[in-house]
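Some notes on the structure that comes next.
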Amino acid sequence: MDKTVNQKAWFLVLPVFLVVAFSAILPLMTVVNYSMQDTFGNNQFFWNGVGWFKELLDPSTDLGERFFASLWRNLFFSAVILAIEVPLGIVVALSMPRQGWSVAACLVILALPLLIPWNVVGTIWQIFGRPDIGLLGYALNSIGINYNYVSNDFDAWATVIVMDVWHWTSLVALLCYAGLKSIPEAYYQAAQIDGASRWAVFTAIQLPKMNRVLLIAVLLRFMDSFMIYTEPFVVTGGGPGNSTTFISIELVKIALGQFDLGKAAALSLVYNLIIIIVCWIFYTVMTNAGTERRPDKGVA
Amino acid sequence: MHSIPGRRLILSLFLIFLLLPIYWLVNMSFKTNGEIVSTMTLWPHQPTIAHYVRIFTDESWYSGYINSLKYVVINTVISISVALPAAYAFSRYRFLGDKHLFFWLLSNRMAPAAVYALPFFNLYSAIDLFDTPWAVALAHCIFNVPLAVWILEGFVSGVPREIDETAFLDGYSFPRFFVKILVPLIASGIGVAAFFCFMFSWVELLLARTLTSVNAKPIAAVMTRTVSAAGMDWGLLAAAGVLTIIPGALVIWFVRNYIARGFALGRV
């Protein structure tokens with residue numbers, strides 16, 4: 001059924017518009033303002049035009065080098081965690097019990113990591129991974145692996161990635177589980193009559209039904225990993241050296257650490273632009289998938 | 001639902017993987033600092049609740065929890081009350097710029113907090129809200145309001161339109177229809193949306209820390225103080241961490257039957 005055109009609906013949307021505009025547009029204007037100016041302290045500002053942007057996008061300058069280094073690092077991180085969390089989440093969703101009290105118990109345990117404040121997630125892994133007092137660090141070292149996330153780049157990366165898998169795979173699993181639950185039993189019966197293999201059931205019934213939720217999962221996971229800050233900051237502080245300095249960490253360093261407002265603002269805008277573009281791509285794909293699927297959407 | 005071979009084993013391993021680090025935190029919180037540093041023990045050999053006692057008796061500690069809860073609750077109330085009418089509008093009507101507006105909202109859910117930390121600091125200092133729970137509550141609206149609209153829109157769309165039409169034919173005014181009929185029908189959706197607002201506001205630290213200094217300092221920021229001259233107070237840090245997990249665990253128990261659908265944002 002088509003929606004009716006009604007311009008008065010704007011009145012219903014107005015409160016949301018005002019609240020979000022207050023929180024989004026006003027601060028963003030400050031950022032735009034800063035990005036075009038230079039300051040030498042004392043609240044004196046000088047017009048700098050697109051100077052900061054030129055510096056930012058030129059990898060031969062210090063700022064540009066730091067930006068691109070953290071950008072590639074962050075993209076690599078997002079790619080790795082997506083490659084682990086999506087398949088693992090699907091497998092976990094497929095392994096969920098069918099009914100009984102164990103379903104509720106599993107759901108609650110799965111959701112638990114999602115509800116822990118991000119700095120506490122960092123703290124948990126900081127403690128868990130320490131070679132002297134942490135179970136993981138202690139166990140790895142006692143079986144002969146020289147593991148130390150404070151001094152070794154690879155160990156720091158591994159810790160941050162395992163931490164993210166621990167923290168967020170449940171989100172993918174819960175989304176997939178929701179998608180799987182919406183498949184009517186009749187589909188499986190039909191597959192059984194046709195003598196479909198387990199794999200065929202997965203690719204022909206379960207995967208297509210999980211399409212939409214998987215898209216949401218990938219979108220949320222990509223975005224959140226692309227702006228990850230607190231967890232790696234608590235565990236590694238961006239180190240050793242700069243090896244786990246992701247874009248947000250770099251940005252906060254420049255903005256609140258060095259108080260280089262112009263540079264930070266230029267970086268913020270480019271960062272935001274990347275996010276909006278990626279978001280737009282996902283949104284378009286998602287709404288298209290939605291319209292194709294409209295007819296059977298009513299089963300909710 | 002048809003399952004895969006070896007599912008019990010896979011699921012058990014995964015759940016153990018999830019619980020082990022949490023267990024370690026709980027374990028540490030009941031140990032004395034001496035025991036933590038000197039020996040590796042799988043459970044506390046000299047269990048102590050000293051760390052918890054200290055948190056509950058020291059005002060600078062427990063006020064952190066109260067501050068956090070304050071802005072989380074304010075944020076949840078604001079988010080849900082502005083998002084409800086908007087969700088209805090997006091679900092039922094087409095209007096000028098509706099798709100763009102929806103996308104713009106969504107893009108704010110994805111905006112990195114690091115970008116907003118500094119401008120928010122300037123903005124809320126300028127309007128004298130800095131270091132109050134209101135500043136953090138309003139700042140968190142930037143990602144919670146879009147999320148609430150998104151979730152609620154999915155749930156409102158699940159309500160057949162005939163119900164609206166019948167209500168209006170019966171002479172219900174719009175506000176009365178909204179409160180008496182629509183809200184009860186999507187009560188579970190409102191619960192799920194509130195849960196998500198609570199959760200995302202509770203777990204966020206960067207903005208909460210930037211926008212507060214003394215009076216409204218959230219627990220997450222208080223926790224960074226456990227480094228002292230005598231070294232890290234690991235036991236205290238662990239105890240504070242355990243206490244931050246509890247509100248989430250309580251809330252999730254109430255919405256456990258809706259978790260799956262809620263995480264799909266009402267869209268399954």
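In what follows, chains carry the letters A, B, and so on, assigned in the order in which the sequence lines appear, proteins first and then strands, with residues in each chain numbered from 1.
The most heavy-atom pairs under 4.5 Å with chain A, out of B:N27, B:V251, B:D98, B:I245, come from B:I245. The greatest number of non-hydrogen atom pairs below 4.5 Å with chain A, out of B:T244, B:V145, B:L123, is found for B:T244. Most heavy-atom pairs under 4.5 Å with chain A: of the set B:P112, B:A89, B:A86, this distinction falls to B:P112.
With a 4.5 Å cut-off on side-chain heavy atoms, A:W118 and B:L205 do not count as touching. The shortest distance between side-chain heavy atoms of B:V115 and A:L267 does not fall below 4.5 Å. Residues B:W150 and A:I216 are in side-chain contact: their nearest non-hydrogen atoms beyond the backbone lie under 4.5 Å apart. Proximity of A:L135 to B:L42: side-chain heavy atoms (C-beta onward) are separated by under 4.5 Å at one or more points. You'll find the side chain of A:P27 stays beyond 4.5 Å of the side chain of B:I142, heavy atoms only. In this structure, B:W234 and A:R130 have side chains that are in contact, with non-hydrogen atoms separated by less than 4.5 Å. For the pair A:L28 and B:Y116, the minimum side-chain heavy-atom distance is below 4.5 Å. Side-chain atoms of B:R92 and A:T4, non-hydrogen and from C-beta on, never get closer than 4.5 Å to each other.
When heavy atoms are compared at a cutoff of 4.5 Å, A:A21 approaches chain B by way of both its backbone and its side chain. Heavy atoms closer than 4.5 Å to chain A are found in the side chain of B:L101, but not in its backbone. Only the side chain of A:T30 comes within less than 4.5 Å of a heavy atom of chain B; its backbone N, CA, C and O stay farther away. Both the backbone and the side chain of A:F22 come within contact range of chain B, with heavy atoms under 4.5 Å apart. Heavy atoms of A:F17 lying under 4.5 Å from chain B belong to its backbone as well as its side chain. For B:F121, no part sits under 4.5 Å from any heavy atom of chain A, backbone or side chain. The contact between B:S91 and chain A is made entirely by backbone atoms, counting heavy-atom distances below 4.5 Å. With a 4.5 angstrom heavy-atom cutoff, A:V5 touches chain B via backbone and side-chain atoms both. Contact annotation for A:D224: only side-chain heavy atoms (C-beta onward) come within less than 4.5 Å of a heavy atom of chain B. For B:I127, the part sitting under 4.5 Å from any heavy atom of chain A is the side chain, from C-beta outward, and nothing else.
At distances below 3.5 Å, at least one donor-acceptor pair connects side-chain atoms of A:W166 with backbone N or O atoms of B:L18. Checked by atom type and distance alone, the side chain of A:T123 never pairs as donor or acceptor with a backbone atom of B:G241 at under 3.5 Å. Checked by atom type and distance alone, the side chain of A:W10 pairs as donor or acceptor with a backbone atom of B:L96 at under 3.5 Å.
Counting all heavy atoms, side chain and backbone alike, A:Y229 lies closest to B:L206 at CE2-CD1, 3.5 Å. Summarising the geometry of B:M110 relative to A:M223, their closest heavy-atom pair is SD-CG, 3.2 Å, with the distance given to 0.1 Å. Residue A:P117 comes nearest to B:W202 through the heavy atom pair CG-NE1, 3.6 Å, listed as atom of the first residue, atom of the second, then distance. Here the closest heavy-atom approach between residue B:Y124 and residue A:S23 is recorded as OH-OG, 4.1 Å. Across B:F95 and A:A9, no two heavy atoms sit closer than the pair CD2-CB, 3.5 Å. The heavy-atom pair separating A:S95 from B:L11 by the smallest distance is O-CD2, 3.7 Å.
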One pair to check against ring pair (Phe, Tyr, Trp, His ring centres under 6.0 Å): B:W104 and A:Y283. What are the steps and the verdict? CA-CA 11 Å; B:W104 175 68; A:Y283 183 68; over 10 Å; no

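Between the CD1 atom of A:I109 and the CG atom of B:L19 there is a distance of 5.0 Å, given to the nearest 0.5 Å.
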